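As structure tokens, the structure follows; a few thoughts come after it.
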Amino acid sequence: LASFEAEADGHSLVPEPYSDARPKNGLLRLLSPASPWLVNNSFGNDPKIEVQLGPASITINPEEAKARGLVEGHAVAVSNKTGRLSLQLKLSDDVPMGVALSYKGRWPKRQSDHANINVLNPGLKSDMGESTSVHNVEVSLSSHDFTK
């Protein structure tokens with residue numbers, strides 16, 4: 001697979017695997033893929049799907065939670081310069097250190113704080129195709145209740 005157009009734009013002729021550097025200053029790389037129950041937000045208002053989704057959540061590695069003094073099941077404030085929201089904390093060894101996982105597709109008006117994971121995305125464009133770059137978003141997590 002080769003792209004002479006990509007090469008003309010300053011990219012490699014062929015795809016190259018790479019990953020962004022780990023976030024600094026205690027930030028986490030936010031990944032927001034489709035959930036097992038939603039490909040996008042098309043059925044985010046279906047009551048049966050909402051039951052399967054459960055509460056809006058963010059998942060981090062158990063060691064990450066321990067180092068930050070965060071407890072599974074508690075609400076955490078997820079924030080960056082773009083926005084903030086409250087999500088229920090889940091823990092999983094499947095999520096690497098330095099990463100936070102929260103599935104996309106929830107309808108903001110159906111959430112308690114009227115926001116979804118998109119509130120954290122600054123809308124930066126990707127390096128190719130002028131698409132949205134969603135997996136380079138960095139966030140902080142805290143147990144602080146920012147609603148007060």
Side-chain angles (χ1 to χ4, degrees), residues 1-46 48-70 72-73 75-111 113-143 146:
L1 182 66
S3 172
F4 295 105
E5 283 185 46
E7 186 177 48
D9 285 342
H11 302 286
S12 175
L13 174 66
V14 296
E16 294 180 13
Y18 74 92
S19 62
D20 294 326
R22 281 192 182 231
K24 294 182 168 78
N25 302 325
L27 297 176
L28 299 170
R29 171 100 39 235
L30 176 64
L31 301 182
S32 54
S35 81
W37 294 99
L38 292 172
V39 174
N40 53 39
N41 65 355
S42 294
F43 297 102
N45 66 334
D46 183 300
K48 291 179 183 177
I49 299 284
E50 285 182 319
V51 168
Q52 296 298 328
L53 291 172
S57 64
I58 193 160
T59 306
I60 61 174
N61 186 283
E63 291 301 314
E64 193 83 62
K66 183 178 176 182
R68 295 166 182 269
L70 300 174
E72 185 169 29
V76 292
V78 184
S79 61
N80 61 16
K81 292 177 184 176
T82 305
R84 60 186 176 191
L85 72 157
S86 180
L87 297 172
Q88 184 181 67
L89 183 66
K90 292 185 176 183
L91 305 179
S92 173
D93 289 319
D94 292 338
V95 178
M97 294 289 288
V99 173
L101 171 70
S102 186
Y103 295 112
K104 69 177 183 175
R106 292 179 178 270
W107 286 27
K109 71 179 184 179
R110 298 179 74 88
Q111 302 306 306
D113 52 5
H114 302 288
N116 66 15
I117 204 68
N118 293 340
V119 75
L120 301 168
N121 188 327
L124 301 175
K125 292 186 178 182
S126 65
D127 61 348
M128 292 183 76
E130 297 197 11
S131 182
T132 304
S133 179
V134 296
H135 295 303
N136 68 345
V137 174
E138 296 178 0
V139 296
S140 64
L141 264 63
S142 71
S143 59
F146 60 83

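For clarity, every value in this text was computed on a predicted model and none was experimentally measured.
Listed by first then second residue, pairs satisfying salt bridge (Lys or Arg N to Asp or Glu O under 4.0 Å) with a partner in residues 51-61 number zero, not counting sequence neighbours.
Residue Ser32 holds its OG atom at 8.5 Å from CG of Leu101, rounded to the nearest 0.5 Å. One finds the CG atom of Leu30 at 8.5 Å from the CG atom of Asn121 (value rounded to the nearest 0.5 Å). Taken to the nearest 0.5 Å, the OH atom of Tyr103 stands 10.0 Å off from the CG atom of Leu31. Remark: Ser57 OG to Leu87 CG distance equals 7.0 Å, nearest 0.5 Å.
Within the 4.5 Å cutoff, the side chain of Leu70 has heavy atoms near those of the Leu141 side chain. Under the 4.5 Å side-chain criterion, counting only non-hydrogen atoms from C-beta, Val119 is not in contact with Asp113.
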Less than 3.5 Å apart, which donor and acceptor atoms pair up between the side chains of residues 88-95 and the rest of the protein, not counting sequence neighbours?
residue : atom : partner : partner atom : Å
Ser92   : OG   : Asp94   : N            : 3.0

For residues 3-11, which side-chain N or O atoms pair as donor and acceptor with protein atoms under 3.5 Å away, sequence neighbours left out?
residue : atom : partner : partner atom : Å
Ser3    : OG   : Ala6    : N            : 3.0
His11   : NE2  : Asp127  : O            : 3.0

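Tested against Glu138, the residues Lys24, Arg29, Arg22 include a single salt bridge (Lys or Arg N to Asp or Glu O under 4.0 Å) partner, Arg29.
For the side-chain contact (heavy atoms from CB on, under 4.5 Å) test, residues two or more places apart in sequence or in another chain that qualify with Glu64 are Leu28, Ile60, Asn61, Arg68, Met97. A search for side-chain contact (heavy atoms from CB on, under 4.5 Å) contacts involving Ala2 returns Leu13, Val14, not counting sequence neighbours. Asn80 meets the side-chain contact (heavy atoms from CB on, under 4.5 Å) test with Thr82, Leu120, Val137, Val139; sequence neighbours excluded. For the side-chain hydrogen bond (donor to acceptor under 3.5 Å, both in side chains) test, residues two or more places apart in sequence or in another chain that qualify with Ser79 are Ser140.
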